[in-house]
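These numbers come from the heavy atoms of this one structure, side chains and all, not from hydrogens, waters or symmetry mates.
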Protein chains: 2
Amino acid sequence: MEDLDAQILKLLAADGRMSFTDLGKATGLSTSAVHQRVKRLEQRGVIKGYGASIDYDQVGKPLTAFISIRPIDPSQPDDSPERLRDITEIESCWSVAGDESYILKVRVATPTDLEDLLARVRAAANVSTRTTIVLSTPYEHRPTS
Amino acid sequence: MEDLDAQILKLLAADGRMSFTDLGKATGLSTSAVHQRVKRLEQRGVIKGYGASIDYDQVGKPLTAFISIRPIDPSQPDDSPERLRDITEIESCWSVAGDESYILKVRVATPTDLEDLLARVRAAANVSTRTTIVLSTPYEHRPTS
DNA sequence: TCTGAAATGAGTGAACA
DNA sequence: TGTTCACTCATTTCAGA
C-alpha cells in the first residue's frame with residue numbers, strides 16, 4: 001500500500017462519487033494516473049464496492065437493531081450466515097468472539113416487524129437471540145484513516 | 001416515498017457509482033429525470049452521502065471490534081459521542097437501549113493498538129468498556145430492500 | 001507508472017409538454 | 001414530473017516517456 005493509494009482510498013471512502021479529475025487534483029496526479037490506480041484497487045479487491053448511505057428514517061424503516069445469536073445445538077456445524085442470507089432485513093453479519101457466535105445488524109419498520117424477523121431468524125438458523133435496539137446514530141461509516 | 005425513488009435508492013445503495021444513464025435504463029426514466037430525482041433525494045437528505053467500501057485486511061487494519069460503553073458516573077450528562085468524535089479509529093457510534101449506552105465499531109491494526117484505543121476511549125468519555133472482537137465478516141452493507 | 005491527446009460517453013441546464 | 005436537445009465535462013483508451 002502506497003501513500004498515493006492510501007490518499008485515493010481515503011478520498012473515495014469519504015466521497016464515493018468523486019470524479020477522477022477531482023481525485024487527480026487532490027493527489028497531484030493526472031486523470032489517467034488516478035484512473036489506472038483506482039481500477040487496479042478495484043481489481044485487487046482493495047475497493048470492494050461503492051454505496052450510497054440512505055437515511056432509513058425517511059424511507060419508512062426507522063427501526064435499527066443488533067441481534068446477537070448463539071446456536072441452540074452447539075454440536076451442529078454453524079452455517080448461520082448462509083441460512084440467514086436470504087433475509088433481506090439483515091444488513092450485516094459479523095462472526096464474533098465471545099458469548100455469542102454472530103452479530104446481525106437489521107433494519108425494519110416497526111416493533112412488530114422486528115418480532116416477526118426474530119422469529120424467522122430463530123427458525124432459519126436454530127439459534128437463540130439477544131436483541132439491542134438502536135435509539136439513534138450519532139455517526140456511522142466514517143472513513144477510518 | 002415513491003416507487004421510483006425507492007428503486008433508485010436501492011440501485012444506488014448497491015452501486016453508488018452507477019451513472020444516471022444506467023439508472024435511467026434500469027428505471028425506465030430519462031437521464032434528466034433520474035438526475036432530478038437523485039439531486040432532490042440528496043437535498044432532502046434521504047441520500048446522506050456516497051462511500052467506497054474498503055477491504056481493511058488489505059490496508060494494514062485487519063482488526064475490527066465492537067466496544068460497548070457505559071458511563072462510570074451515571075449522574076453526569078452523557079455526551080460520549082462528542083467526546084469520542086476525534087478518535088479516528090471509531091468508524092460508527094450507535095446509541096442503544098440496554099445495559100450499555102453506546103456501541104462503537106472500531107478498526108485497528110493490532111491487539112496492542114486495540115488496547116491503546118480502549119484506554120483512550122475510557123479516558124475521553126469516562127466510561128467502562130466491553131469489547132467484542134470480530135473474527136470475520138460474512139457480509140456487510142447489504143442494501144435492505 | 002506516469003503524461004497528454006483523442007474518442008466516446010455521461011452530466012447538466014433550458015425550453016417545453 | 002416528465003422529455004428532448006444542446007453544451008460541457010468526465011471517462012476511457014492508447015502511444016510514448
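A donor-acceptor contact shorter than 3.5 Å is absent between the side chain of A/Arg17 and the backbone of B/Gly49.
Nearest heavy atoms, B/Ser92 versus B/Ile90: O-CG2, 3.4 Å.
A 6.0 Å sphere centred on NZ of A/Lys10 holds no more than 12 heavy atoms belonging to other residues, nucleotides or ligands.
Atom-to-atom, CG of B/Leu4 to C1' of D/dG2 comes out at 11 Å; the value is rounded to the nearest Å. Rounded to whole Å, the distance from CZ on B/Arg37 to P on D/dG2 is 4 Å. When the C1' atom of D/dG2 is taken as reference, atom CG of B/Asp3 falls 16 Å away, rounded to whole Å. Rounded to an integer number of Å, the gap from NZ of B/Lys39 to P of C/dT12 is 5 Å.
A/Thr64 and A/Arg107 share a side-chain donor-acceptor pair at under 3.5 Å.
In this structure, of C/dG11, D/dT1, C/dT3, it is D/dT1 that holds the atom nearest to the side chain of B/Arg40. With C/dC2, D/dG2, D/dT11 as the choices, the nucleotide that has an atom nearest any side-chain atom of A/Phe20 turns out to be D/dT11.
In terms of position on DNA chain C, the residue among A/Arg17 and A/Gln36 whose nearest nucleotide sits closer to the 5' end is A/Gln36.
A heavy-atom distance below 4.0 Å to DNA chain C is reached by these residues of residues 21-34 of chain A, ordered by number: A/Leu29, A/Ser30, A/Ser32, A/Ala33.
B/Asp5 and B/Arg40 are joined by a salt bridge, as a carboxylate oxygen and a charged side-chain nitrogen come within less than 4.0 angstrom of each other. Salt-bridge formation is detected for the pair B/Lys105/B/Glu140: a Lys NZ or Arg NE/NH1/NH2 atom is positioned less than 4.0 Å from an Asp or Glu carboxylate oxygen.
For the pair B/His35 and C/dT12, the criterion of a side-chain N or O lying under 4.0 Å from OP1 or OP2 is met.
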